[in-house]
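All figures in this text were calculated on a predicted structure; none of them were measured in a lab. Chain letters run A, B, ... following the sequence lines, proteins first, then strands; residues in each count from 1.
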Amino acid sequence: MSDKAKALVLPLAVLLAFEAWARATHLQSDSLAPPSEIAIALAGAFADLSILAATRDTLLSAFAGLAIGTLIGLALGIAFGIFDTLNRLMEVTVEAIRPIPSIALLPIALIALGFGYRMEIVIVAFACVWPILILSRAAVRSIEPRLMEVARALRLPPAQRVWKIIIPAALPRIFVAFRLSAGIALIVAVTVEIAINPIGLGAGIMLAQQALRADLMLAYLVWIGIIGYALNIGLVVAQHRLFGRVALSGDSA
Amino acid sequence: MSRKATIWLWRAASFAVAASFIALWQLIANLKLVSPVFLPGPDRAWASLMRGFSNGDLWSKLAGTLEHMVYGWLVASIAGIAIGAIIGSSKLMRTYVAPSLEFLRPLPVSAIIPVAIAMLGLTQAMALFVIAFGAIWPIMLATIHGFAAVEPRLYEVARSLQMSRLAVIFKIALPSASPDILAGMRLSVTVALILSVVCEILAGLDGLGHWVLLSARAFRSADLFAGVILLGITGYVTSVAMSMAEHRLLAWQAAQR
């Protein structure tokens, strides 16, 4: 048996055992449902498109926040990486804001922006800025000094220096930061929806729970897991395709 | 100028920059560029923070949040290291169990909250379960990874000394995996803090999360900002404390290398 097949043994066994147990005991529960009913509920949620609409809302907020956070984090990270003076001057400010848990901003975003996409996007963006900032700053600093000498020798103006030398050289490690942030974006988006925002997958799973639909709730849970897994795999594959082995060296950073 | 003096000078300049941002915030608030309903000046936020501390309100909220966070994190640490050690120290478990865990890892852990509410209701037990469940992943996976990455020759030594499996775990694998485990525990502190806040918001449990939500609902923006500042300080202090503990505990390894 190959390793891949061995990996599937445990989940399949758990699912089968759970199904058998639920059938044998005629399970009636607000929190558990047999896998077959979960699958049916998931199919039902697909058929009436409700889960697809929720997925769209969650991913829209997550990706919009990720895009904004990445742009801000990248701009700051590159600036801090190039200008050491700026980096040292901003150190206290950055270290004072960074440890605020993103979810603590939720009430502020709530009274300032109300429910909906905007407040969620703002919170996701805040959460995504920091990993990108820290890792892109480190990436820019670790650029081979000779590349910078080349840029000087060619007398590239600052904008071209960033665009032609710094970003390409730091890109593999920046992409690792982006991958991390994409995971964070999804987590934060779902968390905001579960905590308070009445849109998306998080709100969907909360509604299912409040309606005591254990099958639908667990169907949402499974679907959220699949999306998280697919996002992660997609980005890992993209990283390998785009940067090959170079990217792996940035992973430990 | 000596090196130390230069560092202090930069530090001072950096604090001055941060102070000027706060002054800017004060100016924006004073000129009412943003409605004071949303944005209190730092003076009002500070006053609210001081008032909350002097009448004991904020102390009890802070204690509530710290309690949720620390209990959940401790449970996660103990369980995470134990389970990680069991899985990591056995080749069989690593091939059969570890892939399932890797599959579950990207799941946004907050999605488990509705399930926990359905099982346990809006209770402290629910919060403890959710925080522990969320915080266990980085620790458990780091332990498995650390165990798998132990220098194989150390295991050979253990075999030739005929050490028992427990002895191998405690004398060889755990010390050798401790950098990974501590790094996982540091990640988990942040997760535990975030999940504590979320659980307090959802279940109305006594703590800073509940406090900031109530303040927002009542449009008491000064209290809200005071709560957020306190959460920021909590995040900062815990992560600094973890780094210091990590440094202290791993000093023997740095000396070895």
Side-chain angles (χ1 to χ4, degrees), chain A residues 3-4 6-11 14 29-32 85 88-93 95-108 110-112 183 186-191 193-196 201-202 205-206 208-210 212 214 217-218 220-221 224-225 227-233, chain B residues 10-11 13-18 21 34 37-39 95-100 102-120 190 193-195 197-198 201-202 208-209 212-217 219 221 224-225 227-229 231-239:
Chain A
D3 275 0
K4 278 209 171 143
K6 282 179 185 166
L8 286 174
V9 170
L10 180 74
V14 168
S29 163
D30 297 339
S31 53
L32 292 174
T85 316
R88 289 189 185 194
L89 286 177
M90 292 298 291
E91 192 188 348
V92 171
T93 311
E95 291 307 315
I97 301 177
R98 189 161 73 103
I100 298 177
S102 51
I103 219 69
L105 295 181
L106 201 152
I108 297 180
L110 181 66
I111 57 170
L186 182 66
I187 292 173
V188 172
V190 171
T191 307
E193 288 162 3
I194 282 178
I196 214 151
L201 292 167
I205 193 172
M206 283 308 278
Q209 186 266 316
Q210 281 153 13
L212 304 180
M217 171 179 81
L218 294 171
Y220 265 100
L221 182 67
I224 293 172
I227 289 184
Y229 187 74
L231 183 67
N232 187 36
I233 290 286
Chain B
W10 277 114
R11 216 352 95 84
S14 188
F15 268 104
V17 170
F21 275 112
V34 179
V37 179
F38 306 136
L39 187 80
T95 30
Y96 282 95
V97 182
S100 302
E102 289 292 341
F103 177 78
L104 286 175
R105 197 233 294 254
L107 173 80
V109 283
S110 48
I112 205 73
I113 293 177
V115 182
I117 292 177
M119 284 184 185
L120 302 166
T190 318
L193 176 59
I194 290 175
L195 287 175
V197 173
V198 175
I201 286 178
L202 271 173
L208 287 172
V212 290
L213 185 72
L214 284 186
S215 307
R217 290 236 165 102
F219 287 96
S221 61
L224 167 57
F225 273 69
V228 172
I229 291 170
L231 279 170
I233 295 173
T234 310
Y236 182 71
V237 169
T238 46
S239 90

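Contact count versus chain B (heavy atoms, under 4.5 Å) is highest, among Ile187(A), Leu89(A), Ile100(A), Thr93(A), for Leu89(A). When the candidates Val188(A), Val190(A), Ile205(A) are compared by the number of heavy-atom contacts under 4.5 Å with chain B, Ile205(A) comes out ahead. Ranked by heavy-atom pairs under 4.5 Å with chain B, the first of Gly183(A), Ala195(A), Gly225(A), Gly202(A) is Ala195(A). Chain B forms more heavy-atom pairs under 4.5 Å with one residue of Met206(A), Met90(A), Met217(A), Glu193(A) than with any other, namely Met217(A). Between chain B and the options Thr85(A), Leu231(A), Ile196(A), the largest number of non-hydrogen pairs under 4.5 Å is found for Thr85(A). The most heavy-atom pairs under 4.5 Å with chain A, out of Val115(B), Ile229(B), Leu193(B), come from Val115(B).
If you take OH on Tyr229(A) and CG on Leu107(B), they are separated by 13.0 Å, rounding to the nearest 0.5 Å. We find the CG-CG distance between Leu105(A) and Leu231(B) to be 9.5 Å, quoted to the nearest 0.5 Å. Here Ile108(A) contributes atom CD1 and Leu39(B) contributes atom CG; the two are 8.5 Å apart, rounded to the nearest 0.5 Å.
No part of Val237(B) comes within reach of chain A, as not one of its non-hydrogen atoms sits under 4.5 angstrom from that chain. Heavy atoms of Thr95(B) lying under 4.5 Å from chain A belong to its backbone as well as its side chain. Both the backbone and the side chain of Ile194(B) come within less than 4.5 Å of a heavy atom in chain A. Residue Leu208(B): no heavy atom, backbone or side chain, is found under 4.5 Å from chain A. For chain A, the nearby part of Leu202(B) is the side chain; its heavy atoms alone come within less than 4.5 Å. Looking at Ile201(B), the atoms closer than 4.5 Å to chain A (heavy atoms on both sides) all sit in the side chain, from C-beta outward. For chain B, no part of Ile227(A) is nearby; none of its heavy atoms comes within less than 4.5 Å. Heavy atoms of Tyr236(B) lying under 4.5 Å from chain A belong to its backbone as well as its side chain.
In terms of heavy-atom proximity, Ser31(A) sits nearest to Ala118(B) at CB-CB, 3.7 Å. Of all heavy-atom pairs between Tyr96(B) and Lys6(A), the closest is CD2-O, 3.4 Å. In terms of heavy-atom proximity, Ile111(A) sits nearest to Ala216(B) at CG2-O, 3.2 Å. Of all the heavy atoms in Asn232(A) and Pro106(B), the pair that sits closest is ND2-CG, 3.9 Å.
Between the side chain of Ser14(B) and the backbone N or O of Val92(A) there is at least one donor-acceptor pair closer than 3.5 Å.
Scanning for side-chain hydrogen bond (donor to acceptor under 3.5 Å, both in side chains) contacts around Glu95(A) gives Arg98(A), with sequence neighbours left out. Looking at residues two or more places apart in sequence or on another chain, you find no salt bridge (Lys or Arg N to Asp or Glu O under 4.0 Å) involving Arg217(B).
Counting non-hydrogen atoms of other residues, nucleotides and ligands closer than 6.0 Å to CZ of Phe38(B) gives a total above 12.
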